[in-house]
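Shown next, in structure tokens, is the structure this report addresses.
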Protein chains: 2
Amino acid sequence: MRAKVRILNIRSGHFDVFINPKDAQEWKLHPNDLVKIESGKRSIYGSVVIGDFVESGEVGLSLDILDAYQFSEGELVSITPSETPESVRYIKKKMRGEKLRKVEIETIVRDIVDRKLRNTEISALVTAIEVNGLDMDEIAALTIAMAETGDMLDIDRKPIMDVHSIGGVPGNKTNIIVVPIVAAAGLTIPKTSSRAITSAAGTADVVEVFTNVTLSLDEIKRIVEKIGACLVWGGALNLAPADDLTIHVERRLSLDPRGLMLASIMSKKYAIGSQYILIDIPTGKGAKVETMEEARSLAKDFIELGKKLGQYVEVAITYGGQPIGYTVGPALEAKEALETLMTGKGPGSLVEKALGLAGILLEMGGVAPRGMGKKVAREILESGKAYEKIKEIIEEQGGDPNIKPEDIPIGDKTYTIHAQTSGYVTGIDNKAITAIAREAGAPEDKGAGVKLHVKVGEKVKEGDPLFTIHAESESRLDKAIILARRLEPIKIEGMVLQVLGNL
Amino acid sequence: MRAKVRILNIRSGHFDVFINPKDAQEWKLHPNDLVKIESGKRSIYGSVVIGDFVESGEVGLSLDILDAYQFSEGELVSITPSETPESVRYIKKKMRGEKLRKVEIETIVRDIVDRKLRNTEISALVTAIEVNGLDMDEIAALTIAMAETGDMLDIDRKPIMDVHSIGGVPGNKTNIIVVPIVAAAGLTIPKTSSRAITSAAGTADVVEVFTNVTLSLDEIKRIVEKIGACLVWGGALNLAPADDLTIHVERRLSLDPRGLMLASIMSKKYAIGSQYILIDIPTGKGAKVETMEEARSLAKDFIELGKKLGQYVEVAITYGGQPIGYTVGPALEAKEALETLMTGKGPGSLVEKALGLAGILLEMGGVAPRGMGKKVAREILESGKAYEKIKEIIEEQGGDPNIKPEDIPIGDKTYTIHAQTSGYVTGIDNKAITAIAREAGAPEDKGAGVKLHVKVGEKVKEGDPLFTIHAESESRLDKAIILARRLEPIKIEGMVLQVLGNL
């Protein structure tokens, strides 16, 4: 069947293909049927929606399709019903616990990118992998297939360094300090980051406070070849697109099977051409990884996968039992990071972590002798060279390099929670802090978040401020206060836990 | 948030909730987000589609929603974002191989019916069950939950008999003969059937050739209480709606895990109030069940499940290695069934199977002594009493009771395939016959299908007709001929299978 394209101003999150009821009947198409849309050399798959938004002889394509593929209004395309994709057989093979061959994994990934597999099939894949796992050969094949079915960056400077935190700890603006240090040392580090999904701020959300993070691969190439670094949003690029589609399903099921997590992270690194990669695994209560044992096992997998991909990987297991620094939320974190870079000083948990990670990268990249990396990193930070580099990054990405921390607007609706007893801070609940910052409006409201006044191990007196909630609206602030009172995220030893008496 | 309902003339196969881009931004809703729509006592869940088909302040509901729930144009409803449903936790429990408690299964089924779980989550459930299975307690809980979350029939005549074929064998119009025999003996048998999904004709498609099969539960109750039987399409009723949603996903994955298959069949029987159920398991090469061992194991499960549900179940393992009777396709099968009922005679494979099944039901229902059921059934068929009963059924359901076999229009574009050699018919490939009939246009084109001229064991001479393809259009006929030549569905012994020589 042939029909004229009509671009529909809708977004459903999937590839929808609108067909007029009359055509659907004639072409024997039913709602949610999979169809192939072909035009010249392009072919994509989508789900049939039957409706009178399009006339007979027209096929309506949603903006989700237009975001990824070029079709023009009135263009003639052919529409063909599609059978169950071949790759469904391989997904079923994984259900039976069998090992998938490289070509089978490639077919699955190709079908995900082509949208031949939809959420229903991807969910079966994710579930089968959750239950039966993937071995290292399968993970390597998946990583490469995910990278190669998307765009790839080829930077004309070697070696390419990279750093990635697996996340889970709030306030982790560390890499905003690491990247300029590493680049100031003459190394190349094209850093892509994600936006917050379940956290209060992803690195991309934080950087966006002082510069643009939505860049094309060509712009990234130009900038990185010129100044050695960037700090951009990976989601704006077509890097390992199969991964994004898989992650959407994982999130729906709140699953994150290890094989997919490894492939997800490393496929983006592979696509960007990274050769020396430092993985940060924040470990501790309330972080993604809670025990050292689990962290070491995960580290081993990253290193082994790196070897299979021809990448040199080191892993830093870092303390993730409480937030990094004192701030959580895009603008608050941007301010803290910028202050640290400007003055060369900042909260111990932030500066020591950043210097530790930067130091490892300097050693990996051969610009600092083994054992001297952290020292060199500190010199770069304290000398102001890292600050000069972040100014270059800000400017090249289209921001104002002379932005001062005090220029950054913070949510001015505030409320401070005070200690109800004296004692020592024995714990700060990561998940509770994240939840309060999100309730206050982060990450969408850039100025929203939480500013801590104390960290674990500090002594507090009754009535001392523990943390301040920042919001951009009163209604958001109120909701966050209610949540904060319920969650009591900061634990002070010496609190009366229970009173027992004669009942 | 509150908005006015706007009914949109679209069908996507899921519950879509259209929101204007401006409202979506203000309400922080993203494409494919799950939202709850509430109005008075009704509440349903749907997926956000952002588009300008609706104005700000309006919420567009698709016909998929309107089919199941009453909303009126302009009605005020509230829209609330919905978190990950609780039942996702239970699905993950099944991924870990744990046994689900009754209340957990009930929550899952309730969430499926409310559309709180969408295909992505249902697919994870189906996959987890495929991998880890369900035990008999879980299957019974699932069956009851599926039935009780839909409509249920309460017929004022006891006992209620039922017969169900698990399918997989083409040309199986048997129950169209069984039902009137059983009802003519004074028993009550409210038979619901399905339409073809992957076959060339479901019982409902065949019956529809001579009468209406889309009836309401109230109409069914009235008819069955009056004449003791009906032959209707189960899909038009809201019986075990969670099952239909689950089956859609199973089909996408071409999976049919046993626990779900048992619950699917038995939940419909439970909802219709059946007390004495005969399950027909066609067994043989190319059928759904290929070996006697598998058939016996499945039979055991049906009987055990019946016990848990308070139903008396018997199972007939029948020969399913070739089509039943000589015809495949709605009109061709309707004609063969009607001829058999009118004359009391017909193809051995059809008559003997029908009498065997009917006989068991007569014995189960206590209207024939043990061992005498088949004889009594034969008397009812040959005496014309079964024909009188089918006429009543046809009339009550709104068809013409005086319809004659020759009144039924058969596709007049025909092509006959002849034997290319002499010998004995050693096999008829069920799947190939089904594929050819479907290629010819069945089940949508009622007159399309295949008429066999030979069955397994018969002697043929070179040039004898083997089967005739019927179609309603030349183009369909041509496609079916090409497929028939490629598949060669009828195997004749004596064919040269292989020639080996000196190479």
Side-chain angles (χ1 to χ4, degrees), chain A residues 8-14 16-19 21 24-25 28 30-34 47-54 60 62-64 84-85 88-89 91-92 94-97 117-132 248-255 257 441 444-445, chain B residues 8-14 16-19 21 24-25 28 30-34 47-54 60 62-64 84-85 88-89 91-92 94-97 117-132 248-255 257 441 444-445:
Chain A
L8 296 179
N9 185 19
I10 71 154
R11 264 179 228 280
S12 67
H14 15 80
D16 280 336
V17 174
F18 283 75
I19 311 271
Q25 193 174 17
K28 294 189 179 178
H30 308 98
N32 210 26
D33 275 0
L34 183 68
S47 303
V48 169
V49 179
I50 299 174
D52 56 9
F53 295 154
V54 292
S62 68
L63 294 183
D64 307 89
T84 301
V88 167
R89 285 203 289 129
I91 295 174
K92 288 164 71 176
K94 183 45 74 184
M95 289 183 204
R96 294 192 301 271
L117 295 178
R118 294 175 283 175
N119 283 350
T120 300
E121 291 83 14
I122 296 173
S123 176
L125 174 69
V126 168
T127 302
I129 291 174
E130 170 73 14
V131 175
N132 289 323
H248 170 81
V249 169
E250 290 179 72
R251 209 177 317 145
R252 291 266 299 272
L253 302 171
S254 50
L255 285 179
E444 288 89 356
D445 296 350
Chain B
L8 297 179
N9 184 21
I10 70 154
R11 264 178 229 281
S12 67
H14 14 79
D16 281 337
V17 175
F18 282 75
I19 312 271
Q25 195 174 14
K28 294 191 177 177
H30 309 98
N32 210 26
D33 276 0
L34 182 68
S47 304
V48 169
V49 179
I50 299 174
D52 57 8
F53 295 154
V54 292
S62 67
L63 294 184
D64 307 88
T84 301
V88 167
R89 283 203 292 129
I91 295 173
K92 287 164 73 176
K94 183 45 72 184
M95 289 183 203
R96 293 192 301 271
L117 295 177
R118 294 174 283 175
N119 282 351
T120 300
E121 291 83 16
I122 297 173
S123 176
L125 174 69
V126 168
T127 303
I129 291 174
E130 170 74 14
V131 175
N132 290 322
H248 170 81
V249 169
E250 290 178 73
R251 207 178 317 145
R252 290 268 296 274
L253 302 170
S254 48
L255 284 180
E444 289 88 355
D445 297 350

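Below, chain A is the first sequence line, B the second, and so on; all start at residue 1.
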- To the nearest 0.5 Å, atom CD1 of B/Ile50 lies from atom OG of A/Ser62 at 12.0 Å
- Using a cut-off of under 4.5 Å on heavy-atom pairs, state which of A/Leu8, A/Leu63, A/Asn9 scores highest against chain B. A/Asn9
- Per-residue contact mode, B/Thr120 against chain A (heavy atom under 4.5 angstrom): both
- Task: Taking all heavy atoms of A/Gly13 and all of B/Pro31, pick out the closest pair and write down the distance.
- Result: N-CB, 3.5 Å
- Could you tell me whether the side chain of A/Thr127 reaches within less than 4.5 Å of the side chain of B/Lys94, counting heavy atoms only? no
- Note on the structure: Of the listed B/Arg251, B/Arg118, B/Arg96, B/His30, the one with the largest count of heavy-atom pairs under 4.5 Å with chain A is B/Arg118
- Message: Taking side chain as everything from C-beta outward and backbone as N, CA, C, O, which of these in A/Val88 sits under 4.5 Å from a heavy atom of chain B? Side chain, backbone, both or neither.
- Response: side chain
- Taking all heavy atoms of A/Arg252 and all of B/Thr84, pick out the closest pair and write down the distance. O-CG2, 3.9 Å
- Count the heavy atoms belonging to other residues, nucleotides or ligands that lie under 6.0 Å from CD of B/Gln25, then report whether that count exceeds 12. no
- Item | Partner residues of A/Glu130 under the salt bridge (charged side-chain N to carboxylate O under 4.0 Å, His left out) criterion, sequence neighbours left out | none
- Which atoms of B/Ser254 approach chain A - backbone, side chain, both or neither, heavy atom under 4.5 Å: both
- Note on the structure: Taking every heavy atom of A/Gly51 against every heavy atom of B/Ile10, the minimum-distance pair comes out as CA-CG2, 3.8 Å
- Message: Can you tell me which of A/Arg89, A/His248, A/His14, A/Lys28 forms the most heavy-atom pairs within a distance under 4.5 Å of chain B?
- Response: A/Lys28
- Can you find a heavy atom in the side chain of A/Asn119 that is under 4.5 Å from one in the side chain of B/Asn32? yes
- Query: Tell me, do B/Leu255 and A/Met95 make a side-chain contact under 4.5 Å, heavy atoms counted?
  - Reply: yes
- Parallel, tilted or perpendicular: rings of A/Phe53 and B/Phe53 (30°, 60°): tilted
